[in-house]
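We name chains A, B, ... by the order of the sequence lines, and we start the count at 1 in each one.
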Number of protein chains: 2
Amino acid sequence: MTAANAADPDDGPGGAGGGAPPPAAPAGGRAAGDDIVAGVVRQWYAVRPDVDTGPMEIIGRINRCAALLQQAEDAPLRHAGLNRAEFDVLGTLRRTGHELTPGELARETFSSGAAVTKRLKQLGERGLVERRADTRDRRVVLVRLTDAGRALVDALLPEQLSYEAAVLSGVEAGRRDDLARLLGELLVQLEGRLGLPRG
Amino acid sequence: MTAANAADPDDGPGGAGGGAPPPAAPAGGRAAGDDIVAGVVRQWYAVRPDVDTGPMEIIGRINRCAALLQQAEDAPLRHAGLNRAEFDVLGTLRRTGHELTPGELARETFSSGAAVTKRLKQLGERGLVERRADTRDRRVVLVRLTDAGRALVDALLPEQLSYEAAVLSGVEAGRRDDLARLLGELLVQLEGRLGLPRG
DNA sequence: GCCATATCTTTTACGAGTGAAACACCTGTT
DNA sequence: AACAGGTGTTTCACTCGTAAAAGATATGGC
(Lines give C-alpha, C1' and ligand atoms only; values in the text may rest on other atoms or scores of the structure.)
Protein backbone atom coordinates (compact mmCIF):
# COMPACT_ATOMS: atom_id res chain seq x y z
CA MET A 1 0.00 0.00 0.00
CA THR A 2 2.91 2.34 0.53
CA ALA A 3 4.19 3.23 -2.90
CA ALA A 4 1.03 2.12 -4.63
CA ASN A 5 -0.49 5.58 -4.54
CA ALA A 6 2.62 7.39 -5.59
CA ALA A 7 1.48 8.31 -9.09
CA ASP A 8 -1.59 10.43 -8.51
CA PRO A 9 -3.85 11.18 -11.44
CA ASP A 10 -3.03 14.88 -11.10
CA ASP A 11 0.60 14.14 -11.81
CA GLY A 12 0.29 16.64 -14.62
CA PRO A 13 0.53 15.84 -18.32
CA GLY A 14 4.06 15.75 -19.66
CA GLY A 15 5.62 14.74 -16.38
CA ALA A 16 3.73 11.50 -16.20
CA GLY A 17 5.79 9.18 -14.06
CA GLY A 18 8.78 8.54 -16.27
CA GLY A 19 7.46 7.03 -19.47
CA ALA A 20 7.57 9.10 -22.61
CA PRO A 21 4.14 9.78 -24.10
CA PRO A 22 3.23 7.45 -26.95
CA PRO A 23 4.53 8.62 -30.35
CA ALA A 24 2.17 11.05 -32.11
CA ALA A 25 -1.13 9.16 -32.28
CA PRO A 26 -3.16 7.80 -35.18
CA ALA A 27 -6.30 8.90 -33.33
CA GLY A 28 -6.34 5.80 -31.17
CA GLY A 29 -6.15 3.61 -34.23
CA ARG A 30 -3.41 1.16 -35.03
CA ALA A 31 -0.35 1.91 -37.11
CA ALA A 32 1.59 -0.60 -39.20
CA GLY A 33 4.36 -2.41 -37.32
CA ASP A 34 2.64 -1.77 -34.02
CA ASP A 35 1.46 -4.49 -31.72
CA ILE A 36 -1.89 -4.53 -29.99
CA VAL A 37 -0.57 -3.02 -26.81
CA ALA A 38 0.80 0.04 -28.58
CA GLY A 39 -2.72 0.75 -29.78
CA VAL A 40 -4.14 0.25 -26.31
CA VAL A 41 -1.60 2.63 -24.86
CA ARG A 42 -2.53 5.25 -27.41
CA GLN A 43 -6.19 4.88 -26.59
CA TRP A 44 -5.47 5.39 -22.93
CA TYR A 45 -3.36 8.42 -23.72
CA ALA A 46 -6.25 9.91 -25.64
CA VAL A 47 -8.69 9.67 -22.73
CA ARG A 48 -6.33 9.83 -19.73
CA PRO A 49 -3.12 11.62 -20.77
CA ASP A 50 -2.25 12.17 -17.12
CA VAL A 51 -1.61 8.53 -16.40
CA ASP A 52 1.74 6.78 -16.85
CA THR A 53 1.04 3.77 -19.00
CA GLY A 54 4.65 2.62 -18.89
CA PRO A 55 3.99 -0.55 -16.90
CA MET A 56 1.45 -1.71 -19.47
CA GLU A 57 4.09 -1.81 -22.14
CA ILE A 58 5.79 -4.60 -20.26
CA ILE A 59 3.13 -6.29 -18.19
CA GLY A 60 0.42 -5.98 -20.80
CA ARG A 61 2.70 -7.40 -23.44
CA ILE A 62 3.80 -10.28 -21.25
CA ASN A 63 0.20 -11.16 -20.57
CA ARG A 64 -0.74 -10.97 -24.24
CA CYS A 65 2.24 -13.04 -25.28
CA ALA A 66 1.50 -15.63 -22.63
CA ALA A 67 -2.14 -15.80 -23.70
CA LEU A 68 -1.28 -16.16 -27.38
CA LEU A 69 1.38 -18.74 -26.65
CA GLN A 70 -0.80 -20.77 -24.36
CA GLN A 71 -3.53 -20.92 -26.96
CA ALA A 72 -1.32 -22.30 -29.69
CA GLU A 73 2.03 -23.30 -28.28
CA ASP A 74 0.91 -26.72 -27.17
CA ALA A 75 0.15 -28.19 -30.58
CA PRO A 76 2.67 -31.05 -30.36
CA LEU A 77 1.59 -31.81 -26.81
CA ARG A 78 -2.09 -31.84 -27.59
CA HIS A 79 -1.28 -34.28 -30.34
CA ALA A 80 -0.03 -36.64 -27.62
CA GLY A 81 -3.10 -36.04 -25.46
CA LEU A 82 -1.28 -33.91 -22.92
CA ASN A 83 -1.66 -30.34 -21.85
CA ARG A 84 1.08 -27.95 -20.81
CA ALA A 85 0.61 -28.59 -17.11
CA GLU A 86 0.84 -32.35 -17.45
CA PHE A 87 3.91 -32.11 -19.65
CA ASP A 88 5.40 -29.79 -17.07
CA VAL A 89 5.09 -32.47 -14.41
CA LEU A 90 6.63 -35.13 -16.63
CA GLY A 91 9.38 -32.78 -17.72
CA THR A 92 10.23 -31.87 -14.15
CA LEU A 93 10.64 -35.51 -13.24
CA ARG A 94 12.77 -36.10 -16.31
CA ARG A 95 15.11 -33.18 -15.93
CA THR A 96 15.76 -33.62 -12.22
CA GLY A 97 16.50 -37.29 -12.82
CA HIS A 98 15.20 -38.50 -9.48
CA GLU A 99 11.96 -39.09 -7.62
CA LEU A 100 10.05 -36.07 -6.36
CA THR A 101 7.26 -35.61 -3.86
CA PRO A 102 3.96 -34.00 -4.85
CA GLY A 103 4.90 -30.97 -2.77
CA GLU A 104 8.17 -30.54 -4.61
CA LEU A 105 6.37 -30.92 -7.92
CA ALA A 106 3.88 -28.27 -6.87
CA ARG A 107 6.63 -25.79 -6.05
CA GLU A 108 8.52 -26.63 -9.19
CA THR A 109 5.51 -26.28 -11.48
CA PHE A 110 4.09 -23.20 -9.73
CA SER A 111 0.75 -24.73 -8.92
CA SER A 112 -1.20 -25.83 -5.90
CA GLY A 113 -0.80 -29.20 -4.29
CA ALA A 114 -4.36 -30.05 -5.17
CA ALA A 115 -3.68 -29.51 -8.85
CA VAL A 116 -0.64 -31.77 -8.70
CA THR A 117 -2.62 -34.50 -6.99
CA LYS A 118 -5.17 -34.41 -9.78
CA ARG A 119 -2.56 -34.51 -12.49
CA LEU A 120 -0.69 -37.36 -10.87
CA LYS A 121 -3.90 -39.33 -10.68
CA GLN A 122 -4.47 -38.96 -14.40
CA LEU A 123 -0.85 -39.50 -15.37
CA GLY A 124 -0.80 -42.57 -13.13
CA GLU A 125 -3.89 -44.03 -14.78
CA ARG A 126 -2.19 -43.58 -18.12
CA GLY A 127 0.86 -45.42 -16.91
CA LEU A 128 3.24 -42.48 -17.24
CA VAL A 129 4.15 -42.05 -13.56
CA GLU A 130 4.25 -44.25 -10.48
CA ARG A 131 3.77 -43.39 -6.84
CA ARG A 132 5.32 -45.18 -3.93
CA ALA A 133 5.29 -44.46 -0.22
CA ASP A 134 8.46 -43.16 1.37
CA THR A 135 9.77 -45.75 3.82
CA ARG A 136 11.18 -43.17 6.25
CA ASP A 137 8.19 -40.84 6.43
CA ARG A 138 4.92 -42.41 5.51
CA ARG A 139 3.16 -39.11 4.96
CA VAL A 140 5.39 -38.60 1.98
CA VAL A 141 4.76 -39.96 -1.49
CA LEU A 142 7.53 -40.35 -4.03
CA VAL A 143 6.69 -39.97 -7.68
CA ARG A 144 8.77 -41.23 -10.57
CA LEU A 145 8.47 -41.64 -14.32
CA THR A 146 7.67 -45.05 -15.72
CA ASP A 147 9.66 -46.22 -18.73
CA ALA A 148 6.70 -45.23 -20.89
CA GLY A 149 6.58 -41.79 -19.29
CA ARG A 150 10.26 -41.25 -19.82
CA ALA A 151 10.03 -42.37 -23.43
CA LEU A 152 7.13 -40.02 -24.02
CA VAL A 153 8.98 -37.02 -22.62
CA ASP A 154 12.07 -37.83 -24.60
CA ALA A 155 10.06 -38.08 -27.79
CA LEU A 156 7.99 -34.98 -27.17
CA LEU A 157 10.66 -32.60 -25.91
CA PRO A 158 12.48 -32.01 -29.21
CA GLU A 159 9.18 -31.71 -31.06
CA GLN A 160 7.87 -29.19 -28.60
CA LEU A 161 11.07 -27.17 -28.60
CA SER A 162 11.35 -27.02 -32.35
CA TYR A 163 7.73 -25.98 -32.54
CA GLU A 164 8.52 -23.20 -30.12
CA ALA A 165 11.61 -22.30 -32.09
CA ALA A 166 9.45 -21.92 -35.19
CA VAL A 167 7.08 -19.64 -33.31
CA LEU A 168 9.99 -17.45 -32.24
CA SER A 169 11.78 -17.50 -35.57
CA GLY A 170 10.27 -14.19 -36.64
CA VAL A 171 12.48 -12.38 -34.17
CA GLU A 172 16.08 -11.94 -35.14
CA ALA A 173 18.53 -14.19 -33.25
CA GLY A 174 20.46 -11.41 -31.56
CA ARG A 175 17.26 -9.84 -30.32
CA ARG A 176 16.04 -13.16 -29.00
CA ASP A 177 19.17 -13.31 -26.84
CA ASP A 178 18.60 -9.77 -25.62
CA LEU A 179 15.00 -10.57 -24.86
CA ALA A 180 15.90 -13.73 -22.97
CA ARG A 181 18.46 -11.84 -20.91
CA LEU A 182 16.09 -9.02 -20.02
CA LEU A 183 13.30 -11.43 -19.17
CA GLY A 184 15.73 -13.20 -16.90
CA GLU A 185 16.48 -9.95 -15.09
CA LEU A 186 12.81 -9.22 -14.71
CA LEU A 187 12.10 -12.72 -13.48
CA VAL A 188 14.78 -12.46 -10.82
CA GLN A 189 13.14 -9.27 -9.57
CA LEU A 190 9.67 -10.77 -9.62
CA GLU A 191 10.82 -13.86 -7.79
CA GLY A 192 12.32 -11.66 -5.12
CA ARG A 193 9.32 -9.39 -4.86
CA LEU A 194 6.44 -11.76 -5.40
CA GLY A 195 7.97 -15.14 -4.69
CA LEU A 196 9.36 -14.43 -1.23
CA PRO A 197 6.12 -15.09 0.69
CA ARG A 198 6.69 -18.78 0.06
CA GLY A 199 10.09 -18.84 1.80
CA MET B 1 3.56 -27.79 -39.65
CA THR B 2 6.01 -26.65 -42.30
CA ALA B 3 9.01 -25.20 -40.50
CA ALA B 4 8.04 -26.70 -37.18
CA ASN B 5 10.27 -29.72 -37.58
CA ALA B 6 13.22 -27.83 -38.94
CA ALA B 7 15.45 -28.24 -35.88
CA ASP B 8 15.85 -31.98 -35.62
CA PRO B 9 17.15 -33.49 -32.38
CA ASP B 10 20.12 -34.96 -34.22
CA ASP B 11 21.26 -31.49 -35.02
CA GLY B 12 24.48 -32.49 -33.31
CA PRO B 13 25.75 -31.25 -29.95
CA GLY B 14 27.59 -27.98 -30.18
CA GLY B 15 25.62 -26.88 -33.21
CA ALA B 16 22.31 -27.15 -31.43
CA GLY B 17 19.98 -24.85 -33.28
CA GLY B 18 21.59 -21.55 -32.50
CA GLY B 19 21.51 -21.26 -28.73
CA ALA B 20 24.83 -21.40 -26.91
CA PRO B 21 25.03 -24.14 -24.26
CA PRO B 22 24.28 -22.88 -20.75
CA PRO B 23 27.34 -21.40 -19.02
CA ALA B 24 29.48 -24.03 -17.24
CA ALA B 25 26.97 -25.66 -14.89
CA PRO B 26 26.72 -25.76 -11.08
CA ALA B 27 25.69 -29.42 -11.37
CA GLY B 28 22.10 -28.55 -12.19
CA GLY B 29 21.89 -26.41 -9.08
CA ARG B 30 21.14 -22.71 -9.00
CA ALA B 31 23.73 -19.95 -9.04
CA ALA B 32 23.34 -16.51 -7.49
CA GLY B 33 21.79 -13.92 -9.81
CA ASP B 34 20.13 -16.63 -11.85
CA ASP B 35 16.43 -16.95 -12.30
CA ILE B 36 14.50 -20.19 -12.07
CA VAL B 37 14.56 -20.81 -15.79
CA ALA B 38 18.34 -20.68 -15.94
CA GLY B 39 18.43 -23.54 -13.47
CA VAL B 40 15.87 -25.49 -15.45
CA VAL B 41 17.88 -25.04 -18.62
CA ARG B 42 20.97 -26.35 -16.89
CA GLN B 43 19.14 -29.39 -15.65
CA TRP B 44 17.97 -30.15 -19.16
CA TYR B 45 21.46 -29.68 -20.48
CA ALA B 46 22.74 -32.22 -17.95
CA VAL B 47 20.33 -34.97 -19.05
CA ARG B 48 19.71 -34.03 -22.70
CA PRO B 49 22.68 -32.00 -23.98
CA ASP B 50 21.60 -32.69 -27.55
CA VAL B 51 18.48 -30.56 -27.32
CA ASP B 52 18.33 -26.82 -28.04
CA THR B 53 16.73 -25.24 -25.02
CA GLY B 54 16.86 -21.77 -26.51
CA PRO B 55 13.10 -21.33 -26.85
CA MET B 56 12.62 -22.04 -23.15
CA GLU B 57 14.69 -19.05 -22.24
CA ILE B 58 12.04 -16.84 -23.76
CA ILE B 59 8.80 -18.79 -23.61
CA GLY B 60 9.51 -20.36 -20.25
CA ARG B 61 10.35 -16.99 -18.79
CA ILE B 62 7.29 -15.33 -20.24
CA ASN B 63 5.11 -18.02 -18.75
CA ARG B 64 6.77 -17.77 -15.36
CA CYS B 65 6.54 -13.99 -15.35
CA ALA B 66 2.90 -14.11 -16.34
CA ALA B 67 2.15 -16.66 -13.64
CA LEU B 68 3.93 -14.66 -10.96
CA LEU B 69 2.32 -11.43 -12.08
CA GLN B 70 -1.14 -12.91 -12.24
CA GLN B 71 -0.82 -14.24 -8.72
CA ALA B 72 0.08 -10.92 -7.16
CA GLU B 73 -0.39 -8.15 -9.68
CA ASP B 74 -4.05 -7.70 -8.97
CA ALA B 75 -3.77 -6.49 -5.36
CA PRO B 76 -5.43 -3.10 -5.95
CA LEU B 77 -8.13 -4.73 -8.07
CA ARG B 78 -8.92 -7.44 -5.60
CA HIS B 79 -9.31 -4.73 -3.03
CA ALA B 80 -12.17 -3.38 -5.17
CA GLY B 81 -13.70 -6.83 -5.58
CA LEU B 82 -12.64 -7.19 -9.21
CA ASN B 83 -10.37 -9.60 -10.97
CA ARG B 84 -8.08 -8.90 -13.90
CA ALA B 85 -10.56 -10.11 -16.48
CA GLU B 86 -13.38 -7.95 -15.18
CA PHE B 87 -11.17 -4.91 -14.99
CA ASP B 88 -10.06 -5.64 -18.52
CA VAL B 89 -13.65 -5.39 -19.71
CA LEU B 90 -14.25 -2.14 -17.86
CA GLY B 91 -10.95 -0.71 -19.06
CA THR B 92 -11.70 -1.59 -22.66
CA LEU B 93 -14.99 0.26 -22.50
CA ARG B 94 -13.31 3.23 -20.87
CA ARG B 95 -10.38 3.56 -23.23
CA THR B 96 -12.37 3.16 -26.43
CA GLY B 97 -14.81 5.77 -25.20
CA HIS B 98 -17.85 4.28 -26.89
CA GLU B 99 -20.25 1.39 -26.63
CA LEU B 100 -19.01 -2.04 -27.63
CA THR B 101 -20.74 -5.30 -28.43
CA PRO B 102 -19.97 -8.49 -26.49
CA GLY B 103 -18.24 -9.85 -29.55
CA GLU B 104 -15.96 -6.86 -29.81
CA LEU B 105 -15.20 -7.12 -26.12
CA ALA B 106 -14.33 -10.78 -26.54
CA ARG B 107 -11.87 -10.02 -29.33
CA GLU B 108 -10.42 -7.10 -27.44
CA THR B 109 -9.93 -9.02 -24.20
CA PHE B 110 -8.74 -12.23 -25.84
CA SER B 111 -11.41 -14.42 -24.40
CA SER B 112 -14.39 -16.41 -25.56
CA GLY B 113 -17.82 -14.94 -26.06
CA ALA B 114 -19.14 -17.15 -23.31
CA ALA B 115 -16.69 -15.69 -20.81
CA VAL B 116 -17.68 -12.17 -21.76
CA THR B 117 -21.35 -12.95 -21.33
CA LYS B 118 -20.68 -14.20 -17.80
CA ARG B 119 -18.63 -11.18 -16.88
CA LEU B 120 -21.15 -8.76 -18.26
CA LYS B 121 -23.85 -10.44 -16.22
CA GLN B 122 -21.88 -9.93 -13.02
CA LEU B 123 -20.75 -6.44 -13.86
CA GLY B 124 -24.32 -5.56 -14.78
CA GLU B 125 -25.63 -6.85 -11.45
CA ARG B 126 -23.11 -4.66 -9.71
CA GLY B 127 -24.27 -1.64 -11.63
CA LEU B 128 -20.98 -1.07 -13.46
CA VAL B 129 -22.15 -1.67 -17.01
CA GLU B 130 -25.44 -1.46 -18.88
CA ARG B 131 -26.66 -3.38 -21.89
CA ARG B 132 -29.07 -2.12 -24.45
CA ALA B 133 -30.34 -3.65 -27.66
CA ASP B 134 -29.12 -2.18 -30.91
CA THR B 135 -32.04 -0.54 -32.69
CA ARG B 136 -30.76 -1.41 -36.18
CA ASP B 137 -29.91 -5.05 -35.58
CA ARG B 138 -31.70 -6.64 -32.69
CA ARG B 139 -29.30 -9.55 -32.43
CA VAL B 140 -26.69 -7.10 -31.31
CA VAL B 141 -26.23 -5.92 -27.75
CA LEU B 142 -24.44 -2.69 -26.95
CA VAL B 143 -22.57 -2.44 -23.68
CA ARG B 144 -21.52 0.76 -21.99
CA LEU B 145 -20.11 1.87 -18.67
CA THR B 146 -22.45 3.35 -16.10
CA ASP B 147 -21.29 6.47 -14.27
CA ALA B 148 -20.34 4.24 -11.36
CA GLY B 149 -18.39 1.96 -13.66
CA ARG B 150 -16.54 4.82 -15.20
CA ALA B 151 -15.75 6.32 -11.80
CA LEU B 152 -14.44 2.97 -10.61
CA VAL B 153 -12.12 2.55 -13.58
CA ASP B 154 -10.84 6.08 -13.25
CA ALA B 155 -10.11 5.57 -9.57
CA LEU B 156 -8.54 2.16 -10.00
CA LEU B 157 -6.40 2.75 -13.06
CA PRO B 158 -3.73 4.95 -11.45
CA GLU B 159 -3.59 2.70 -8.41
CA GLN B 160 -3.16 -0.36 -10.52
CA LEU B 161 -0.53 1.24 -12.71
CA SER B 162 1.55 2.53 -9.85
CA TYR B 163 1.34 -0.85 -8.20
CA GLU B 164 2.65 -2.35 -11.41
CA ALA B 165 5.33 0.30 -11.59
CA ALA B 166 6.47 -0.69 -8.12
CA VAL B 167 6.66 -4.31 -9.16
CA LEU B 168 8.83 -3.37 -12.13
CA SER B 169 10.99 -0.88 -10.29
CA GLY B 170 13.72 -3.44 -9.67
CA VAL B 171 14.67 -3.30 -13.33
CA GLU B 172 16.65 -0.29 -14.44
CA ALA B 173 14.68 2.26 -16.49
CA GLY B 174 16.71 1.91 -19.67
CA ARG B 175 16.37 -1.84 -19.59
CA ARG B 176 12.64 -1.58 -19.07
CA ASP B 177 12.43 0.37 -22.32
CA ASP B 178 14.52 -2.24 -24.11
CA LEU B 179 12.36 -4.98 -22.70
CA ALA B 180 9.15 -3.24 -23.74
CA ARG B 181 10.48 -2.74 -27.25
CA LEU B 182 11.58 -6.34 -27.66
CA LEU B 183 8.33 -7.67 -26.26
CA GLY B 184 6.55 -5.50 -28.78
CA GLU B 185 8.53 -7.06 -31.60
CA LEU B 186 7.77 -10.52 -30.32
CA LEU B 187 4.11 -9.72 -29.92
CA VAL B 188 3.86 -8.48 -33.49
CA GLN B 189 5.30 -11.79 -34.67
CA LEU B 190 3.01 -13.84 -32.47
CA GLU B 191 -0.02 -11.92 -33.58
CA GLY B 192 0.90 -12.61 -37.16
CA ARG B 193 1.67 -16.27 -36.60
CA LEU B 194 -0.87 -17.26 -34.01
CA GLY B 195 -3.50 -14.57 -34.29
CA LEU B 196 -4.22 -14.86 -37.99
CA PRO B 197 -6.63 -17.82 -37.76
CA ARG B 198 -9.22 -15.44 -36.33
CA GLY B 199 -9.15 -13.16 -39.38
C1' DG C 1 4.82 -42.78 26.91
C1' DC C 2 1.63 -39.17 25.63
C1' DC C 3 -0.06 -35.04 23.83
C1' DA C 4 0.19 -30.80 21.18
C1' DT C 5 1.81 -29.08 17.10
C1' DA C 6 3.53 -29.21 12.51
C1' DT C 7 3.91 -31.20 7.89
C1' DC C 8 2.46 -33.72 3.74
C1' DT C 9 -1.13 -35.37 0.78
C1' DT C 10 -5.77 -35.88 -0.59
C1' DT C 11 -10.65 -34.60 -0.67
C1' DT C 12 -14.30 -31.27 -1.15
C1' DA C 13 -16.80 -27.24 -2.69
C1' DC C 14 -16.64 -23.76 -5.71
C1' DG C 15 -15.31 -20.17 -9.28
C1' DA C 16 -13.87 -19.26 -14.01
C1' DG C 17 -13.07 -20.34 -18.73
C1' DT C 18 -14.13 -23.00 -23.03
C1' DG C 19 -16.37 -25.31 -27.28
C1' DA C 20 -20.47 -26.61 -29.06
C1' DA C 21 -25.28 -26.30 -29.30
C1' DA C 22 -29.28 -23.42 -29.01
C1' DC C 23 -31.59 -19.29 -29.92
C1' DA C 24 -32.74 -14.93 -32.14
C1' DC C 25 -32.32 -12.16 -35.79
C1' DC C 26 -30.76 -10.32 -40.40
C1' DT C 27 -30.14 -10.66 -45.56
C1' DG C 28 -30.17 -12.10 -50.18
C1' DT C 29 -32.54 -15.23 -53.34
C1' DT C 30 -36.32 -17.13 -55.55
C1' DA D 1 -43.59 -13.72 -49.04
C1' DA D 2 -40.90 -17.61 -47.72
C1' DC D 3 -36.73 -19.71 -47.11
C1' DA D 4 -31.69 -20.76 -46.71
C1' DG D 5 -27.66 -19.45 -44.83
C1' DG D 6 -25.00 -16.30 -42.02
C1' DT D 7 -23.98 -13.70 -37.79
C1' DG D 8 -24.29 -12.26 -32.76
C1' DT D 9 -25.37 -13.70 -28.17
C1' DT D 10 -26.48 -16.82 -24.63
C1' DT D 11 -26.84 -21.39 -22.48
C1' DC D 12 -25.05 -25.90 -21.35
C1' DA D 13 -21.89 -29.45 -20.04
C1' DC D 14 -17.39 -29.94 -19.02
C1' DT D 15 -12.42 -29.22 -17.59
C1' DC D 16 -9.12 -27.22 -14.77
C1' DG D 17 -7.45 -24.71 -10.97
C1' DT D 18 -7.75 -23.14 -6.21
C1' DA D 19 -8.51 -22.50 -1.01
C1' DA D 20 -9.80 -24.65 2.87
C1' DA D 21 -10.84 -28.72 5.48
C1' DA D 22 -9.84 -33.44 6.39
C1' DG D 23 -6.85 -37.38 7.07
C1' DA D 24 -2.48 -39.49 8.14
C1' DT D 25 1.91 -39.35 10.12
C1' DA D 26 6.11 -37.36 12.32
C1' DT D 27 8.42 -34.75 16.18
C1' DG D 28 9.52 -32.33 20.39
C1' DG D 29 8.24 -31.14 25.26
C1' DC D 30 6.64 -32.90 29.39
Within the side chain of [X], is there an N or O that forms a donor-acceptor pair under 3.5 Å with the backbone of [Y]?
X	Y	value
A:Glu159	A:Leu156	no
B:Arg176	B:Val171	yes
B:Thr146	B:Leu128	yes
B:Ser162	B:Ala165	no
B:Glu108	B:Thr92	no

_Any carboxylate oxygen within less than 4.0 angstrom of a Lys/Arg side-chain nitrogen, looking at A:Arg175 and A:Asp178?_
no
*May I ask you to decide whether A:Asp35 forms a salt bridge with A:Arg64, counting only side-chain N to carboxylate O separations under 4.0 Å?*
no
*Walk me through it: do B:Leu120 and B:Val141 pass the test side chain to side chain contact (heavy atoms under 4.5 Å, CB included)?*
CA-CA 11 Å; B:Leu120 290 178; B:Val141 171; over 6 Å; no
*With a 4.5 Å limit on heavy-atom distance, are the side chains of B:Leu77 and B:Asn83 in contact?*
no
*Is it true that the side chains of B:Gln189 and B:Glu185 contain a donor and an acceptor less than 3.5 Å apart?*
no
Could you go over nucleotides 10-12 of chain C and give all protein N or O partners under 3.5 Å, atom names and distances?
{"from": "C:dT10", "atom 1": "OP1", "to": "A:Arg131", "atom 2": "NH2", "distance (Å)": "3.4"}
{"from": "C:dT10", "atom 1": "OP2", "to": "A:Thr117", "atom 2": "OG1", "distance (Å)": "3.3"}

_Sequence neighbours excluded - salt bridge (Lys or Arg N to Asp or Glu O under 4.0 Å) pairs with any residue from residues 110-124 of chain B_ = none
*Could you list all the salt bridge (Lys or Arg N to Asp or Glu O under 4.0 Å) pairs where at least one residue sits in residues 138-153 of chain B, not counting sequence neighbours?*
B:Glu99-B:Arg144, B:Glu130-B:Arg144, B:Asp137-B:Arg139
Quick one: which protein N/O atoms are closer than 3.5 Å to N/O atoms of nucleotides 23-28 of chain C? Pair and distance per line, please.
{"from": "C:dC26", "atom 1": "OP1", "to": "B:Arg138", "atom 2": "N", "distance (Å)": "3.2"}

*asked:* Please report the end-to-end axis angle for the helix from C:dG1-D:dC30 to C:dT30-D:dA1, five pairs per end, rounded to 10 degrees.
replied: 10°
*Taking any atom under 4.0 angstrom from a heavy atom of chain A, which nucleotides of DNA chain D are the first and last to qualify, 5' to 3'?*
D:dC16 to D:dA26
